[in-house]
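I have placed the structure first, in the form of structure tokens, so that the comments after it can refer back to it.
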Amino acid sequence: MHQSILITGASSGIGEACAVHLAHKGFRVYAAARRVEKLRELEGLAGGRIAPLALDVTDDASVESVMARIAEDGATLFGLVNNAGISVMGPIEETPLEEWRRQYETNVFGLVRVTQAVLPQMRAAGRGRIVNIGSVTGRIAMPFQGVYASSKHAIEGLTDALRREVEPHGLKVSLVRPGFINTPFGHQEQEQLQNHVDAGGPYADAVHKFKLWHAKGHPTAPGPTVVAEAVHAALTAEHPHSRYTAPMSNVGALMLRNLAPSAVVDRILQRVAGLK
Ligand SMILES: NC(=O)c1ccc[n+]([C@@H]2O[C@H](COP(=O)([O-])OP(=O)(O)OC[C@H]3O[C@@H](n4cnc5c(N)ncnc54)[C@H](OP(=O)(O)O)[C@@H]3O)[C@@H](O)[C@H]2O)c1
């Protein structure tokens, strides 16, 4: 029997890589996202163990219909990979609350919605794994990434609380923190930063400098398989870590963030981003 897992945001980047990698490792993968036509490209791979499902994590009815479809198959989910995410970039002062809400509806409330839908069956089974995709920005908030970074900080906290709540029910919860990963994610971030530059205003010059630094990050970064390998470890290790960082080269920056005084970290990050 193949263990079944649900991956949100599987139509692109990290979610797609997780779907392919985990199906090759023997999991039955429910690959979910809004763009079903992209998911269909995965259907024939890995012995046909990838099933595409239409899912919008911001919509109650969509999540219910995914759960109904999985139940129709007679499957009980062993794993959930909460990967679906978007990024809102720009200065905090200039980002309308509507955009903050859009960010949180997907990255935070969407994750909670899917998790709440899956937990009853995992608890009833007395076993299961939940892997939340956070980010290095969930610990290190660069300037002009405050909206996105704060949503990933929220995921850090809720993952810790969830892990402690469900462990007595036999469930294990991990956070996987990617650093820069070469996926389409960076393109839309670049476009948003450019919009802020074009709009002018007091932060335009600094956003332009930050954009130049950010532009170097994604194209030179590793591909998403490095994250899929960490997700696989979180799903299969007897005693999974509470946190995985992928790639590991980001661990130094995280340690610096934890150990150095904020004033020092501020200066370093401003310099790294070309703002000083
Ligand atoms: N790439 C990086 O450098 C990086 C670094 C740190 C963390 N991350 C995190 O990794 C995750 C995946 O990012 P990625 O780089 O793979 O980006 P991506 O290539 O843009 O993929 C994002 C995925 O999220 C899905 N999605 C967005 N809104 C959704 C919604 N409302 N309902 C369901 N699915 C939705 C998209 O599918 P549809 O549009 O088809 O719905 C897509 O499959 C995100 O949580 C991101 O924050 C990425």
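Everything numeric in this text was worked out from a predicted model, so none of it was measured. Start at 1 and go down the list; that is how both ligands and their atoms are numbered.
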Checklist entry - Heavy atom under 4.0 Å from ligand 1: found in Thr183's side chain, backbone, both, or neither? => result side chain
Checklist entry - Please state which protein non-hydrogen atom is closest to atom 4 (C) of ligand 1 and give its distance, to 0.1 Å? => result Gly179 O, 3.9 Å
Next on the checklist: Below a 4.0 angstrom heavy-atom separation, can you tell me which part of Lys38, side chain or backbone, both or neither, approaches ligand 1?
Outcome noted: neither
Checklist entry - Among all protein non-hydrogen atoms, which one is nearest to atom 24 (O) of ligand 1, and what is the separation to 0.1 Å? => result Gly85 N, 3.4 Å
Item to check | For atom 41 (O) of ligand 1, the protein heavy atom that lies nearest, with its residue and separation | outcome: Arg34 NE, 2.7 Å
Item to check | Minimum-distance protein heavy atom relative to atom 25 (C) of ligand 1 | outcome: Gly9 CA, 3.5 Å
Checklist entry - Can you check whether Arg40 reaches Pro52 side chain to side chain, under 4.5 Å on heavy atoms? => result yes
Checklist entry - N/O of Ser12 under 3.5 Å from N/O of ligand 1, yes or no? => result yes
Checklist outcome for this item: Asn83 heavy atoms within 4.0 Å reach ligand 1 at atoms 10 (O), 11 (C), 12 (C), 44 (C), 45 (O)
Checklist entry - Does Gly110 reach ligand 1, in the sense of a heavy atom lying below 4.0 Å from it? => result no
Next on the checklist: Considering non-hydrogen atoms of the protein only, which is the closest contact for atom 33 (C) of ligand 1, and what is the distance?
Outcome noted: Leu55 O, 3.2 Å
Next on the checklist: With a 4.0 Å cut-off on N to O distance, would you call Glu99 and Arg102 a salt bridge?
Outcome noted: yes
Checklist entry - If you measure from each non-hydrogen atom of Arg177 to ligand 1, which part falls under 4.0 Å: side chain, backbone, both or neither? => result neither
Checklist entry - What atoms of ligand 1 come closer than 4.0 angstrom to any heavy atom of Ser135? => result 6 (C), 7 (C)
Checklist entry - Which protein heavy atom lies closest to atom 17 (O) of ligand 1, and at what distance to 0.1 Å? => result Phe185 CD1, 3.0 Å
Checklist entry - Counting each atom of ligand 1 from 1 as listed, which ones have a heavy atom of Gly13 under 4.0 Å away? => result 16 (O), 19 (O)
Checklist entry - Just by modelled atom types, is the Val147 backbone N or O under 3.5 Å from a matching donor or acceptor in the Trp100 side chain? => result no
Checklist entry - Is any side-chain heavy atom of Met89 less than 4.5 Å from a side-chain heavy atom of Glu191? => result no
Item to check | Numbered atoms and elements of ligand 1 in range of Tyr148, under 4.0 angstrom, heavy atoms | outcome: 6 (C), 7 (C), 8 (N), 9 (C), 46 (C), 47 (O)
Item to check | Nearest non-hydrogen protein atom, atom 34 (N) of ligand 1 | outcome: Ala84 CB, 3.5 Å
Checklist entry - Got Leu111 and Asn107 here, is their nearest side-chain heavy-atom distance under 4.5 Å? => result no
Next on the checklist: Whether the side chain of Ser62 engages the backbone of Asp59 through a donor-acceptor N/O pair (distance < 3.5 Å, no angle test) should be reported.
Outcome noted: no
Checklist entry - Are side-chain heavy atoms of Gln145 and Met142 found at a separation under 4.5 Å? => result yes
Checklist entry - Does some side-chain heavy atom of Arg127 sit less than 4.5 Å from a side-chain heavy atom of Gln3? => result yes
Checklist outcome for this item: Among Ile133, Val114, Asn107, closest by heavy atom to atom 9 (C) of ligand 1 is Ile133
Item to check | Test item: Ile140 and Leu254 side chains (from C-beta on) under 4.5 Å apart, heavy atoms | outcome: yes
Checklist entry - For ligand 1, which atoms sit closer than 4.0 Å to a heavy atom of Phe180? => result 3 (O)
Next on the checklist: Between Trp213 and Phe180 (judged by ring centroids, cut-off 6.0 Å), do the two rings come close enough to count as a pair?
Outcome noted: yes
Checklist entry - Would one find an N or O of Ile181, backbone or side chain, under 3.5 Å from an N or O of ligand 1? => result yes
Checklist entry - Is NZ or CZ of Arg113 both nearer than 6.0 Å to the six-membered ring centre of Phe109 and within 45° of the ring axis? => result no
Checklist entry - Judged by atom type as modelled, is there a donor-acceptor pair below 3.5 Å linking the side chain of His153 to the main-chain atoms of Ala149? => result yes
Checklist outcome for this item: Asp56 heavy atoms within 4.0 Å reach ligand 1 at atoms 30 (C), 31 (N), 32 (N)
Item to check | Check: Ser12 and Thr183 side chains under 4.5 Å, non-hydrogen atoms | outcome: no
Checklist entry - Considering only heavy atoms of Ser11, which atoms of ligand 1 have at least one such atom less than 4.0 Å away? => result 36 (C), 37 (O), 38 (P), 40 (O), 42 (C), 43 (O)
Checklist entry - Under a 4.0 Å heavy-atom limit, does Val57 contact ligand 1 with its side chain, its backbone, both, or neither? => result both
Checklist entry - Which atoms of ligand 1 sit under 4.0 Å from any heavy atom of Gly134? => result 7 (C)
Checklist entry - Does the ring centre of Tyr104 sit less than 6.0 Å away from the ring centre of Tyr148? => result no
Next on the checklist: For the 3.5 Å polar cut-off, considering only N or O atoms, please tell me whether Ile14 and ligand 1 meet it.
Outcome noted: yes
